[in-house]
**Student:** 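Starting off with a structure, shown below.
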2 protein chains.
Amino acid sequence: MPSWVDGRPAESLSIKDRGLAYGDGVFETIAVRAGRPPLLEYHMARLSTGCARLGIALDVALVRTEILSFASKLGEGVAKLILTRGDGLRGYAPPPTTQARRILQGSPMPAYPSVNAEQGVELYPCATRLAEQPLLAGLKHLNRLEQVMARAEWQSTEYAEGLVRDISGRVIEGVFSNLFLLVDGVLVTAELSRCGVAGVMRAALLERAKAVGIPVEIRDIEFDELLAAQEVFLCNSLYGVWPVRAMAGHHWSVGPLTRTLQAIARDLLDN
Amino acid sequence: MPSWVDGRPAESLSIKDRGLAYGDGVFETIAVRAGRPPLLEYHMARLSTGCARLGIALDVALVRTEILSFASKLGEGVAKLILTRGDGLRGYAPPPTTQARRILQGSPMPAYPSVNAEQGVELYPCATRLAEQPLLAGLKHLNRLEQVMARAEWQSTEYAEGLVRDISGRVIEGVFSNLFLLVDGVLVTAELSRCGVAGVMRAALLERAKAVGIPVEIRDIEFDELLAAQEVFLCNSLYGVWPVRAMAGHHWSVGPLTRTLQAIARDLLDN
C-alpha cells in the first residue's frame, strides 16, 4: 500500500509535526475505486472549510492533484489524507506556514459484512457524549478522542456502529457515520453547528434527495424522535448507506426511502 | 537537542501513529534543570491519570527511567514527553496495545521576559471558549485545537498569556497556565471537572498552600469574581508564577500572597 508525505513516498514524519502535538489539522477518508476517488469535490470542499476555520494554508490544486495521483497508484481501497499545520516549535501559537503538510496513506477497503447493507445494522447506544464547540463543529479535524472513547465502548461484532448524542442528549450521529431519519415523510438529519462531523456522503445525499424532490430538514433531533422514526439509516463515504434495524431493544423496519437513498449512495460511489 | 522515540534517538515517527491520527495520547512539558526534572512525581501522577482515563497501557517505571535519562542528557531546558496509543489500523477502535509509544523532545527553556515575573503580565481576553467534556476534563491530552485557536487570537507581545473561559463564560485558566485568585483571604482556582487542564504546578501549589495554612477553594469562578479579586496570578511548570496586572482595561495590584506563592514555585523548580 502506498504512503506519501508531501507528495513523496514516506512512512514516517517529523516528531515536531503539530498534527501529533495538538491534533492541529484535518483529515479525509476517501474511497478509491478503479483508481478514481468518487465524491472528490465534496472532500475538497470540506478540506477547504476545515483549513479556513483553522487558519491552515491550503493549496487546493496541489492537494487535488496529489489525491488523484495517489488514487491512481492505489487502484482499489481507501486513501486517508491528513493535512497538518506542519512542524512547530514548542507552544500553541501557530507558526506562519507557507503550506499545509500532506500525508496520504493507502489501505484496503474495509471488509464490511454484506448483511449490514442488506438487512441493516444494530446500533450500540454509546454513553460517551459529544461536547459542544461551535468553533470546531462539523469539521473532520484531528481531535478525535471522543470518537476513540465512544468506539471503545463496545467490542462485540453484533454492533456495526454506535449512536452518539450530545451533552444534552440530542441525537447527533454514528461514531464514523452520519445518521438520517424518516419523520412523517421528511428526511431529517442532525444540525451540526455545535458538534459532530459533517460527512461528505451526508452532504451528497442531502443534495441528491432535494434534487429528486424528497423533503429534507437539518435540525436538532431529540432522542424520542429517533425512537419514533419510520426509518433510520447511517451513511458514510466508504460503505454508502446502512439501514438501522435495532438499538437497545428498539426495532425499526427497513423502508423504501432508505432503499432509495442506498441506491443513490451506491451510484455516487460507482461514479 | 536530543529527541527519542521509545527510548532510542529518533526524529521521526510512523505516520500510522494514533497520536497523529486522532490525538490519541497525552503529553507533559517538563522543566529540566541541572539534568534533573523537578515536579517529576506530579508529572508521573498526571500521566497515570491520563492513560488510565484513555485506557492506554503505561509502564510507569519505564517512563520514569526514560525521563530521568533524557533529562540527564538534556542538562538544561524543556523535555516534552508525548505518550500515544502507538500505531493503529484505520478506524477509531483502540487496538490492543502492549505499551504506550514514548516520544521525548528536548528544547531550550523559553526566554520569557523577566518583567513577567517581576511586575506581572497583561492577559488577552480570548473569545475562544472551552467546550465541556467531563470524560476528558483535566487531562493534558493531545486534542488541543481549542488552545491553538485561543492562542492564535493575539500576536502582540504586549500579552504574555490569554484568559480562557468555558462555554457558560466561567473563568477557567490561561492558554498554557492555570489561574489563581485571592478572594476575601481565600486562594481560589477553577474546578476542572468539565474542561481545562489540571497543571502540575497548580497541583503542587495547592498542596504547599494548604501545608502552610493558606485557605484554598477549588470551585467554579464567575467572570465578575475575577474582576473583583484582590490578587490574580498564573502558574505553570516552566515559569513558576506570573502575577496578573491587567486585562481589557481592568487592573490588579501585585500582592503579598502572589509573592509568597511565587517564592514557593521558585523553590519547587529549584529542587
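All chains are named by letter (A, B, ...) in the order of the sequence lines, taking the proteins before the strands, and each is independently numbered beginning at 1. As the structure is a prediction and not an experimental result, all values here were calculated from the model.
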**Student:** Does anything in residues 121-136 of chain B get under 4.5 Å of chain A by heavy atoms, and if so which residues?
**Tutor:** T128(B), R129(B), L130(B), A131(B), E132(B), Q133(B), P134(B), L135(B), L136(B)
**Student:** Check whether A150(B) gets within reach of chain A through its side chain, its backbone, both or neither, counting any heavy atom under 4.5 Å.
**Tutor:** neither
**Student:** Looking at C195(A), S3(A), A93(A), which makes the most heavy-atom pairs under 4.5 Å with chain B?
**Tutor:** A93(A)
**Student:** With the threshold set at 4.0 Å, does a side-chain nitrogen-carboxylate oxygen contact exist between R18(B) and D24(B)?
**Tutor:** yes
**Student:** Can you check whether anything in residues 101-108 of chain B gets within less than 4.5 Å of chain A, heavy-atom wise, and list it by number?
**Tutor:** I103(B), L104(B), Q105(B), S107(B)
**Student:** Quick check for you: to the nearest 0.5 Å, what is the distance between W242(B) atom CH2 and L234(B) atom CG?
**Tutor:** 7.5 Å
**Student:** Is D166(A) reaching over with its side chain to a backbone N or O of V171(A), donor-acceptor style, under 3.5 angstrom?
**Tutor:** no
**Student:** Tell me, do M247(B) and L163(B) make a side-chain contact under 4.5 Å, heavy atoms counted?
**Tutor:** yes
**Student:** What distance separates K140(A) NZ from H43(A) NE2, expressed to the nearest 0.5 Å?
**Tutor:** 8.5 Å
**Student:** Check this for me: does any side-chain nitrogen of one of E28(A) and K80(A) sit under 4.0 Å from a carboxylate oxygen of the other?
**Tutor:** no
**Student:** State the OG-CG distance between S237(B) and L269(B), to the nearest 0.5 angstrom.
**Tutor:** 7.5 Å
**Student:** Has T84(A) got a side-chain atom pairing as donor or acceptor with G86(A)'s backbone, closer than 3.5 angstrom?
**Tutor:** yes
**Student:** Is it the side chain or the backbone of L238(B) that comes within 4.5 Å of chain A heavy atoms, both, or neither?
**Tutor:** side chain
**Student:** For W154(B), is the NZ or CZ atom of R151(B) found under 6.0 angstrom from the centre of its six-membered ring and inside 45 degrees of the ring axis?
**Tutor:** yes
**Student:** Can you tell which part of E11(A) gets under 4.5 Å to a heavy atom of chain B, answering side chain, backbone, both or neither?
**Tutor:** backbone
**Student:** CG of L54(B) to CE of M149(A): how many Å apart, nearest 0.5 Å?
**Tutor:** 5.5 Å
**Student:** Picking from V78(B), L142(B), L145(B), which has the most non-hydrogen pairs under 4.5 angstrom with chain A?
**Tutor:** L145(B)
**Student:** Run the ring-centre check on Y22(A) versus Y92(A) and record whether the distance is less than 6.0 Å.
**Tutor:** yes
**Student:** Atom CD1 of I82(A) and atom CD1 of I15(B): how far apart are they, to the nearest 0.5 Å?
**Tutor:** 7.5 Å
